[in-house]
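Below is one structure, written out as structure tokens, with a few remarks after it.
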Protein chains: 2
Amino acid sequence: MLKVVLLGGGNIAYHLFTAFGKLSSVNLIQCYNRNIHSIEEFGKFTQITDDINSLEKADIYIIAVTDDAIGQVSDMLPFSDNFVVHTSGNVSMYSMNAKNRRGVLYPLQTFSKEKLVDFGTLPICIEAEDEKDFNFLKAFSSELSTHVYEINSEQRKVIHLAAVFVNNFVNHLYYIGHELCEKNNVPFNILHPLIEETTHKIMDLAPKEAQTGPAKRNDQSTINAHLEQLPNKNYKEIYKLLTASIQNTYGRKKL
Amino acid sequence: MLKVVLLGGGNIAYHLFTAFGKLSSVNLIQCYNRNIHSIEEFGKFTQITDDINSLEKADIYIIAVTDDAIGQVSDMLPFSDNFVVHTSGNVSMYSMNAKNRRGVLYPLQTFSKEKLVDFGTLPICIEAEDEKDFNFLKAFSSELSTHVYEINSEQRKVIHLAAVFVNNFVNHLYYIGHELCEKNNVPFNILHPLIEETTHKIMDLAPKEAQTGPAKRNDQSTINAHLEQLPNKNYKEIYKLLTASIQNTYGRKKL
């Protein structure tokens, strides 16, 4: 059985803890957190500690803490030449202390404690300095998910950036749609099937092929009517900029 | 059985034709189109014509033509005091000729001829000048879908505008995410589960509650790193504007 030590008490640590509990091939021998109260519930199932100097010997140490703290926690590890990974999309593997053999295990998902995550098909991006460690990490991650990708630190930064567009920014457009509906006594759920269809479409079709709407058609009278209709400067600016960007993508038709 | 005449030969006409074919309560007695070739395949199942003066007597006439042509087709109808509806999200009921009793039956979805549409749960927005016509239209639309909404012309315009944000603009953000991935040899499908989760989240949670990311957290160092990383001015501008809009929505934290 693979011996694992988990460091951290946040969302990712919580979900990894739950996932490891289901795997017969993984033995989570210890959990560490600076504040032991946030991992108290782990204590029913494994050893917990808030003393970083009392970490047990393991095959892999997983640092699942906030981006800013990863370097610091890696500095504090009281050993060297062990295999240590972090779980962040946005932090280079090399930001960890070089006294240990370094790697990354980045599960690509938004985690919140309230919602159970099915790791089974979750994309996991892995990276390691050493080839032997990489092969170990690949086998280890494959216990968690069938979708394991070899992704270097540069590519991981790109994924994190692209995720801001397709997750955070998309959600903000949902918010604007929601606001427009609410202010005009239209139930937002009238748009749910369209939102689902928009998402399902790009599972089969490249987003470039799936584009529709007045900007793509260069339908200037609808665009003008929409700009007129929008209730504030901010929404008008977003409408204009995204419309111009779509028009540039497809080549503005001569009128 | 309800007698229906369908006018038009585009995507919506095609999908309505298919949907009516499955309903035992609806008798599609005739299809009209200016160009009869585009509705030739309807001719196997019902009467077709390109002569607007030979329209049969029906309970409802459905004008499913492009936005620009709706008024014109309604002018050309060779009768008065019949119930006539159009199917557009963006055109007022009152843009049709007042010689007939007017209404709207707007199915809220993106239609393409290649993809079959399940009308069963599709939102249908209806409106009519006359109460008796409205009740008829409600019963008629309920044959097509279990999700029928009473929506006036003003509200319908709002829905159409909101749909641009949650469908057309969202798809463009998918496109940008796709571009960023492709240019860095990252498979875009690594983001599919995150995209699906983003959509599913707002089926239960208001988009305002579902927001996450560096803009929401006011994580300026990540925002700066992302702006640095983006490959062109256009993407940087979109990033800045949507980040500022999220920060305004949640109140920029004092640093």
Side-chain angles (χ1 to χ4, degrees), chain A residues 90 108-110 121-123 149 151 154-155 157-159 161-178 180-181 184-186 190-199 202-203 206-208 210-215 222 226 229 234 237-238 241-242 245-246 248-249, chain B residues 90 108-110 121-123 149 151 154-155 157-159 161-178 180-181 184-186 190-199 202-203 206-208 210-215 222 226 229 234 237-238 241-242 245-246 248-249:
Chain A
N90 206 27
L108 206 167
Q109 190 55 284
T110 49
T121 56
L122 206 70
Y149 297 82
I151 294 288
E154 273 309 301
Q155 289 173 314
K157 274 171 66 182
V158 167
I159 292 171
L161 175 59
V164 169
F165 281 85
V166 303
N167 170 347
N168 305 154
F169 290 168
V170 160
N171 187 76
H172 190 58
L173 296 182
Y174 293 157
Y175 165 78
I176 294 174
H178 186 268
L180 293 171
C181 287
N184 293 278
N185 298 315
V186 172
I190 207 171
L191 289 169
H192 281 179
L194 181 65
I195 287 172
E196 280 187 322
E197 171 71 9
T198 307
T199 299
I202 58 135
M203 303 293 152
K208 186 163 186 178
Q211 190 66 52
T212 57
T222 300
H226 281 168
Q229 203 183 335
N234 179 31
E237 275 179 13
I238 292 172
L241 188 59
L242 290 172
S245 181
I246 293 170
N248 287 336
T249 303
Chain B
N90 207 27
L108 205 167
Q109 191 56 281
T110 50
T121 56
L122 206 70
Y149 297 82
I151 296 288
E154 275 308 302
Q155 291 173 311
K157 273 170 66 182
V158 167
I159 292 171
L161 175 59
V164 170
F165 281 85
V166 304
N167 171 346
N168 305 154
F169 289 168
V170 160
N171 187 76
H172 190 58
L173 296 183
Y174 294 156
Y175 165 77
I176 294 174
H178 187 268
L180 293 172
C181 286
N184 293 277
N185 298 313
V186 172
I190 206 171
L191 289 168
H192 282 179
L194 180 66
I195 288 171
E196 280 186 322
E197 170 72 11
T198 307
T199 299
I202 59 135
M203 302 294 152
K208 187 165 186 178
Q211 190 66 53
T212 57
T222 299
H226 281 168
Q229 203 183 335
N234 179 31
E237 274 179 14
I238 291 172
L241 188 59
L242 290 172
S245 181
I246 292 171
N248 288 336
T249 302

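First the proteins, then the strands, lettered A, B, ... as listed; each starts at 1.
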side-chain contact (heavy atoms from CB on, under 4.5 Å) between A/F165 and B/I238, worked out = CA-CA 9 Å; A/F165 281 85; B/I238 291 172; 4.1 Å; yes

ask   = Measuring from B/T121:OG1 to A/H192:NE2, what's the distance to the nearest 0.5 Å?
value = 13.0 Å

ask   = Can you tell which of A/L242, A/N185, A/N234 has the highest number of heavy-atom pairs within less than 4.5 Å of chain B?
value = A/L242

message = With chain A as the partner, which of B/P123, B/P214, B/A215 has the greatest number of non-hydrogen pairs under 4.5 Å?
response = B/P123

remark   = Distance col, row A/H172:NE2 vs B/T249:OG1, nearest 0.5 angstrom, shows 4.0 Å

task = Sort B/Y149 into side chain, backbone, both or neither according to what part of it lies under 4.5 angstrom from a heavy atom of chain A.
result = side chain

ask   = Taking B/L180, B/L173, B/V164 one by one, which has the highest count of heavy-atom pairs under 4.5 Å against chain A?
value = B/L173

key: Under 3.5 Å side-chain donor-acceptor pair for B/N184 and A/Q155   = no

Choice from A/T212, A/V158, A/I202, A/I190 maximising heavy atom contacts with chain B below 4.5 Å = A/I190

key: Main-chain N/O of A/L161 paired to B/Q229 side chain as donor or acceptor, under 3.5 Å   = no

ask   = For B/H226, is it the side chain, the backbone, both or neither that has a heavy atom under 4.5 Å from a heavy atom of chain A?
value = both

request  = May I ask you to name which of B/N171, B/T198, B/I159 has the most heavy-atom pairs under 4.5 Å with chain A?
outcome  = B/N171

Interface moiety of B/I195 toward chain A, non-hydrogen atoms closer than 4.5 Å = both

Heavy-atom pairs under 4.5 Å with chain B, option from A/K157, A/E154, A/E237 with the top count = A/K157

ask   = When heavy-atom pairs shorter than 4.5 Å are enumerated against chain B, which of A/A210, A/A206, A/C181 gives the highest number?
value = A/A210

Under 4.5 Å from a heavy atom of chain A, the part of B/L194 involved = both

message = I'd like to verify something: which residue of A/P193, A/S245, A/G213 has the highest number of heavy-atom pairs under 4.5 Å with chain B?
response = A/S245

query = Can you tell me how far the CD atom of B/Q109 sits from the CD atom of A/E196, to the nearest 0.5 Å?
reply = 9.5 Å

ask   = Do you know which two heavy atoms are closest between B/A162 and A/L191, and how far apart they sit?
value = CB-CD1, 3.7 Å

query = What's the spacing between A/Y174 OH and B/T199 OG1 if we round to 0.5 Å?
reply = 3.5 Å

task = Please state whether the side chain, the backbone, both or neither of B/V166 comes within less than 4.5 Å of a heavy atom of chain A.
result = both

ask   = Contact part of B/N90 toward chain A, heavy-atom cut-off under 4.5 Å: side chain, backbone, both or neither?
value = side chain

ask   = At a heavy-atom separation under 4.5 Å, does A/I151 approach chain B through its side chain, its backbone, both, or neither?
value = side chain

